[in-house]
Amino acid sequence: MNYRNFVVNALADVLEGQLEKDTINKTIEKPKSLALGDYAFPTFPLAKILKKAPQIIASEIAAKIDHKEFDKVQAVGPYINFFLNKKKYSDSILRQILVEGSAYGNQNLGDNGNVPIDMSSPNIAKPISMGHLRSTVIGNSIAKLLAKTNYHPIKINHLGDWGTQFGKLIEAYKLWGSEEEVKADPINKLLEYYVRFHKEDVEHPELDDEARAWFKRLEDGDPEAVSLWKWFRSESLKSFMKIYNKLGVKFDSFNGEAFYNDKMDEVVTLLEQKDLLQESRGAQIVDLSKYNLNPALIKKTDGATLYITRDLAAAIYRKRTYSFVQSLYVVGNEQTNHFKQLKAVLKELGEEWSDDIHHIPFGLITQGGKKLSTRAGRVILLDEVLDDAVQLAEQQIEEKNPDLKDKETVAKQVGVGAVIFHDLKNERMNNFDFNLEEVVRFEGETGPYVQYSHARAMSILRKAKAQNAGEVPEPDYQLSDEESWEVLRLLGSFSAIIKRAVEEYEPSVIAKYSLHLAKSFNKYYAHTKVLKEDAQLSARLALVESVAIVLKESLRLLGVQAPEEM
RNA sequence: GCGCUUGUAGCUCAGCAGGAUAGAGCGACCGCCUCCUAAGCGGUAGGUCAUCGGUUCGAUUCCGAUCAAGCGCACCA
């Protein structure tokens, strides 16, 4: 039910063609305060046409409006304010949410079209940092939003599992490593070897030659090199999976860089056939000056391929395999140029679907105002942050609700939820400086605040059930008080919020919405006793249940769990 | 130098295709648990919306310039 149309139609009837319906719809706005109604129509645009003062037009129109869908229509200065019929609205919204349950807000924007999402993509033998968290968590939420709007997301973890660093890693392992060490603590040990390699090769440049030789052997399929590579990869993946399990993120594909090794020749051939390759400073490039971009470097002077060559192969592979309607890359803002180049080269190849490729950039995480860097020792390990958060959640539970059952599970849900929510709460593009206290905060505008609001709602519903409250045969959900109205208006806007979030690829829209809904519900909770035997009991319970449903669904769309008690 | 992104209260940020007195959280100060979880609710203090122009009946919102910050700018990914 589109309530905005009531307003459009009511105005169109009175205006009799003086303004197009479409124009009326665009002019209608939501007042900042509910005291000024649910919708408002400024009459300034009419002033020119009618050659009258806006104030006069407003009161003339307001007098003629058909009132049946509204509690009140009044002119205030140059505005006409519309107050929806609260009883009708609340009854229809609550009824709809209770019937649809978690499917409330579902809509068909995607016609089940495939949308591969390139996300997370950590490097083998390096730890997962806060930077990867952003890509993982944003991608995961976008995938859920896409599914909610009837797209078919395919989450691809494009692992950094190939490259000259594996030559270094093998050399370092052969010199200083051991199987037991790696098995005990794969990521840290592999990283340690890698770091040591970089230290020692300053004084022993011959190490680099050895490393190059090992990578060459790996490329040529030497059994020892390949089996070490496979082993490093699988050990790394195992420890990555532990973190993904903590976060509750699943992938549909782990095809990383290595997967495309045998698919790059074709790209080069294609570029040659279209006569796009040029030699420049000894390298093979595609000139993109007509796009106002730097040339795309396809092959290095030594003939080796580069990042963009691999991504071209991946883009083409994804198009063929998934026949996608959109292809997303959740990758940091600093790679914007790379994706522009990628799309431009595809365009040059005549692949019109390059327009369906969207880079979803996000801002940088810094520490102490400086960019994170493995080499400079500025790393924030995601695993440690998650563990800290869970531990703090445990303390919090001991303090606030020591009798809670299944404390451990709830602590995980709350701790991890706080971290994920913190990352998604603000616009993707905002940079932020990492601050542990800020990330694991449980009060104010946080994930736990939303979870707590949900838990309170669930608590009321449990109590109601226990006392068989509100079981009226012909329930009437007509609420009309001010506190519930704010909640109801938010509940009613859920679909529009989802639409906006998915169109902008912006999970923060959902996070902000969940905070607003939680806040309005907490206000309601503080002002209104729900479990009171009177005529509106079932209506109030319907409101509480609807809030619980929508809060839980909002959190789910963010990849955050909603405990029933906390 | 060029390109991308950002600039709103002490701090972190909202402000949805321009519209009625610019909002919230944190921090500070002050209230509220004989009542459904106080991880909560309420109040006070705090802003020339970076600056200057332009478009418009109307600009925090759109356009341009300037200033400041971050990130990129061919043989890493």
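Here is how names work: the chains are called A, B, and so on, in the same order as the sequence lines, proteins then strands, and each is numbered from 1. No hydrogens, no waters, no symmetry mates; every other heavy atom, side chains included, goes into these values.
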Visitor: Would you mind classifying the nucleic acid contact of P31(A) as base, sugar-phosphate or nothing, using non-hydrogen atoms under 4.0 angstrom?
Guide: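 The answer is base, as P31(A) lies within the cut-off (heavy atoms under 4.0 Å) of a base atom.
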Visitor: Please report, rounded to the nearest Å, how far the P atom of rA17(B) is from the CG atom of D22(A).
Guide: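 Rounding to the nearest Å, CG of D22(A) and P of rA17(B) are 16 Å apart.
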Visitor: Across all strands, who's sitting opposite rC2(B) as a Watson-Crick or G-U wobble pair, both distances under 3.5 Å?
Guide: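 Its partner is rG72(B).
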Visitor: Side chain of K463(A): nearest nucleotide among rC36(B), rA39(B), rC75(B)?
Guide: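 Of rC36(B), rA39(B), rC75(B), rC36(B) is nearest to the side chain of K463(A).
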Visitor: Within residues 408-416 of chain A, find the residues that approach RNA chain B with a heavy atom at under 4.0 Å, and present them sorted by residue number.
Guide: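 Only V414(A) qualify.
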Visitor: When we call it a touch if two heavy atoms are under 4.0 Å apart, what does K26(A) touch: a base, just sugar-phosphate, or nothing?
Guide: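 Nothing: the residue K26(A), judged by heavy atoms under 4.0 Å, touches no strand.
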Visitor: Given atom CD of Q335(A) and atom C1' of rC73(B), what is their separation to the nearest angstrom?
Guide: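 Rounded to whole Å, this separation is 14 Å.
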Visitor: For F442(A), report the nucleic acid contact type (base, sugar-phosphate, nothing); a contact means any heavy atom under 4.0 Å.
Guide: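 Base contact - F442(A) has a heavy atom under 4.0 Å of at least one base atom.
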Visitor: Should D38(A) and R489(A) be marked as a salt bridge (charged side-chain N to carboxylate O under 4.0 Å, His left out) after you check the CA-CA gap, both sets of side-chain angles, and the distance that decides it?
Guide: CA-CA 8 Å; D38(A) 302 300; R489(A) 291 290 288 144; 3.3 Å; yes
Visitor: Expressed as a whole number of angstroms, how long is the span from L277(A):CG to rC75(B):C1'?
Guide: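 Rounded to whole Å, this separation is 14 Å.
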Visitor: Take the protein atom NE2 of H516(A) and the nucleotide atom C1' of rG15(B), then report the distance between them rounded to whole Å.
Guide: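 Distance, rounded to whole Å: 9 Å.
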Visitor: G282(A) or P78(A): which one's nearest nucleotide on RNA chain B is closer to the 5' end?
Guide: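 The residue mapped nearer the 5' terminus is P78(A).
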Visitor: Mind calculating the distance between CZ (F362(A)) and C1' (rU5(B)) to the nearest angstrom?
Guide: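 Taking CZ of F362(A) and C1' of rU5(B), I get 14 Å after rounding.
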Visitor: Does S459(A) get its side chain close enough to the base of rC36(B), under 3.5 Å, for a donor-acceptor pair?
Guide: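 Flag unset: no donor-acceptor pair detected.
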Visitor: Return yes if some donor-acceptor pair links the side-chain N/O of S554(A) with the main-chain N/O of K552(A) below 3.5 Å, else return no.
Guide: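 No: the side chain of S554(A) does not pair with the backbone of K552(A).
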Visitor: State plainly whether the residues K405(A) and E565(A) are in salt-bridge range, i.e. N to O under 4.0 Å.
Guide: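 The answer is yes: the pair qualifies as a salt bridge.
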Visitor: Does rA17(B) count as syn, meaning its glycosidic angle lies within 90° of 0, or as anti?
Guide: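 Judged by the O4'-C1' to base torsion, rA17(B) sits in syn, the angle falling within 90° of 0.
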Visitor: Report the distance from atom CG of N294(A) to atom P of rC75(B), rounded to the nearest whole Å.
Guide: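 Going from N294(A) (CG) to rC75(B) (P), I get 10 Å.
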Visitor: Is any side-chain N or O of N25(A) under 3.5 Å from a base N or O of rA17(B), one able to act as donor and the other as acceptor?
Guide: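 Answer no: no donor N or O sits under 3.5 Å from an acceptor.
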